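So the structure is just underneath, and the comments pick up after that.
In this chain, numbering begins with 1 at the start of the sequence shown. All figures in this text were calculated on a predicted structure; none of them were measured in a lab.
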Amino acid sequence: MAATKLLLWVLQQLMLNVRVVSDELDEAARDRMEHRAKQLSRKMARLLQDLEQKSQEQRSKEQTPVAWRALPFAALQHWQFWAIAGILLLLILGLCWYLRKRSHEDGSSSEEDSSSSSSRQEEERAEQNEEEEDSEYANDLARHFEEHIQWPNQNLFAKRESVLDLVNAFMRVARLLLSGSSFPVLEPCFGIGSAHEGWSPYEENIIYRVLVPLAPPSGHTFLPELCNPGEMPERNFRIRVELECTCATEQLVGDMLCFLHHDEEELRRNQGPSLLHTLCTGSYLDVQKTACRLHQLVKASWVLLPFSRQWRLTMLPCGRSCKFKVARAEEDIITIEIMLGVRQGDSDIFMSSQASESIFTPSTTWTLSCAVAEAKFFELTARHAPDGSFHLRCLQLCARILVGTGFSSYTLKTVVMHLLNTTPLSGWRRTRFLLRLDDIMRYLCHCLEEKRLDHFFFGNEKIPEEIVLPPALQGAQPFNLFHHLEQDPDAQAEAMREFMDMQDCLTRMLTYGH
């Protein structure tokens, strides 16, 4: 009976221990453990009850002669009881040990998680504070450079609108003066070059360049031809002019006589000669003749413009373009250069009057120009860039360190366009000013080491869809602007020396402001 009570007491303590341990577990685990403990308790109670009953029966039989025969059986029953009780006890002790271990691990894990979570929160707060301090420092640093560096005193964006308005006004008057002639049709102009893109590195002698597209006049057609068939990339063209029949439309009001089916005398009396007899050399449109004629038209149109009352016009020597100055006072002078171009299909690529890279450019050679597409790219970038974007300042500052080197501003612009096309525009805020300057110099250095800088538009699959390229340009192989470095090791060595000088110049400019 004492043993029975002892077992019941041990079982109660174990159940209590299970409850204590299970309190630290989640609700579902605690319910399962308590249910299992109650089952074990009920089984133990039934075993003890059976044992007690058999013990009483044994004591009643001890008075009979055969009592000694029941002793082995009773001993066996006691042995079975203690064996079962021992197994149950071991199971319960093992269960308690497991629960305690798990509870300890969960507690440690919870403490570690809590400690880790707290540590992470502290690290995040520290990082956030550090980022805020870095951002504040970067802002101060960028503000210092913005105020410290001697930036050109310019108002490019305001003036470029005035320039476009002025040139378009010239073209409207010129079209009236050319009415009935066979001069190419003058279409609305495009602003091109650094001044219109907003990053001209110069304070004085800024040239505002515009491109005026030419369309064939009535009775004529333009047929572009490669100057060097098989040339890759296709960069130099001639524009062959052919006459086409207009007999079916010449009866329309204001239409011209057909150059193919009217004799020269009639054509001379009723309208001027064809384009072939005025602005062409042989069968090809001549750049210099066309630019010279436009030069005369601008001069003649000036007196008909309202600008002529407040501004003074000065025509500059004419070559492959039309250049002039307009001035209202000595300190307010604008230099304008009108380039001419023939559009390739419906794209943003032109065959322009700009001179080629060769020493001598024939007057019938028109050079491939991506200037309109480039200006459009910078316009799209400005539209999507965050307020206060410093990409133009970076380009402007880097362009100033090119003075005295063999690098062209076009090389630098190509580098920046590649970076603008691959770096998120949010990264061009003024707080990242120094990082982006470093990116530009690293990119240029890598290109010099590899002797390769790809043209931005040839074969570039990442061009914004708003920019329209001709299929031949889209599918072309990338054109290496540093191809000359591949052919001349001395040129690469000289370029690397100049690059080091540029880095030193940039450091001085950031340090001293000039």
Side-chain angles (χ1 to χ4, degrees), residues 130-161 191-203 206 208 374-403 405 407-447 453 456 462-464 466-467 499 502-514:
E130 187 176 349
E131 287 178 0
E132 289 177 356
E133 291 176 0
D134 289 345
S135 177
E136 184 177 353
Y137 175 73
N139 264 320
D140 292 341
L141 198 60
R143 191 178 299 110
H144 165 75
F145 288 132
E146 190 174 9
E147 297 172 353
H148 183 60
I149 294 174
Q150 295 179 7
W151 300 103
N153 183 19
Q154 302 166 333
N155 191 10
L156 298 176
F157 290 102
K159 286 187 176 180
R160 71 180 183 182
E161 297 300 326
I192 60 174
S194 62
H196 284 278
E197 292 162 355
W199 60 273
S200 178
Y202 310 110
E203 183 170 352
I206 298 175
Y208 288 84
E374 291 161 6
K376 199 170 181 179
F377 175 80
F378 279 98
E379 181 183 350
L380 291 170
T381 300
R383 190 183 306 168
H384 295 104
D387 292 340
S389 178
F390 247 57
H391 64 282
L392 294 178
R393 284 294 202 194
C394 289
L395 183 53
Q396 188 178 49
L397 184 62
C398 289
R400 290 170 62 182
I401 64 177
L402 299 178
V403 179
T405 71
F407 293 99
S408 67
S409 60
Y410 190 77
T411 294
L412 189 65
K413 183 167 80 167
T414 301
V415 168
V416 173
M417 286 194 295
H418 279 297
L419 289 172
L420 285 170
N421 209 33
T422 55
T423 306
L425 292 178
S426 58
W428 291 86
R429 299 178 186 274
R430 75 176 186 176
T431 54
R432 305 294 180 89
F433 180 51
L434 293 180
L435 292 176
R436 297 293 80 83
L437 283 177
D438 184 59
D439 287 345
I440 293 170
M441 300 306 289
R442 285 176 181 271
Y443 193 102
L444 180 56
C445 182
H446 175 75
C447 291
L453 172 60
F456 185 69
K462 296 182 179 180
I463 299 298
E466 293 90 343
I467 298 175
F499 173 77
M502 287 166 54
Q503 281 191 313
D504 293 341
C505 181
L506 181 60
T507 302
R508 289 195 302 272
M509 196 173 295
L510 292 174
T511 305
Y512 303 110
H514 56 81

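Residues passing the side chain to side chain donor-acceptor pair (under 3.5 Å) test with Thr423: none are found, sequence neighbours excluded. Remark: Leu453 engages Thr411, Thr414, Val415, His418, Tyr443, Cys447, Leu481, Phe482 in a side chain to side chain contact (heavy atoms under 4.5 Å, CB included) (not counting sequence neighbours). With sequence neighbours excluded, the residues satisfying ring pair (Phe, Tyr, Trp, His ring centres under 6.0 Å) with His196 are Tyr208. Contacts of Asp438 classified as side chain to side chain donor-acceptor pair (under 3.5 Å), with partners at least two apart in sequence or in another chain: Arg442. When the side chain to side chain donor-acceptor pair (under 3.5 Å) test is applied to Ser389, the partners found at least two apart in sequence or on another chain are His391. Take Glu161 and apply the salt bridge (charged side-chain N to carboxylate O under 4.0 Å, His left out) test, not counting sequence neighbours, and it matches no residue. Taking Thr405 as the reference, Leu402, Phe407, Glu498, Met502 meet the side chain to side chain contact (heavy atoms under 4.5 Å, CB included) condition, with sequence neighbours excluded. Applying the side chain to side chain contact (heavy atoms under 4.5 Å, CB included) rule to Glu466 yields the partners Leu380, Pro464; only residues at least two apart in sequence or on another chain are considered. Contacts of Phe499 classified as ring pair (Phe, Tyr, Trp, His ring centres under 6.0 Å), with partners at least two apart in sequence or in another chain: none. For Lys413, the side chain to side chain donor-acceptor pair (under 3.5 Å) test picks out Glu197, Glu374, with sequence neighbours left out.
The side-chain heavy atoms of Met441 and Cys445, taken from C-beta on, include no pair separated by under 4.5 Å.
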How far apart are the C-alpha atoms of Trp199 and Val416, what are their side-chain angles, what is the distance that settles it, and do they pass the side chain to side chain contact (heavy atoms under 4.5 Å, CB included) test?
CA-CA 12 Å; Trp199 60 273; Val416 173; over 6 Å; no
Working note: Phe377 + Leu420, criterion side chain to side chain contact (heavy atoms under 4.5 Å, CB included); need CA distance, chi angles, decisive distance, verdict. CA-CA 10 Å; Phe377 175 80; Leu420 285 170; 4.0 Å; yes
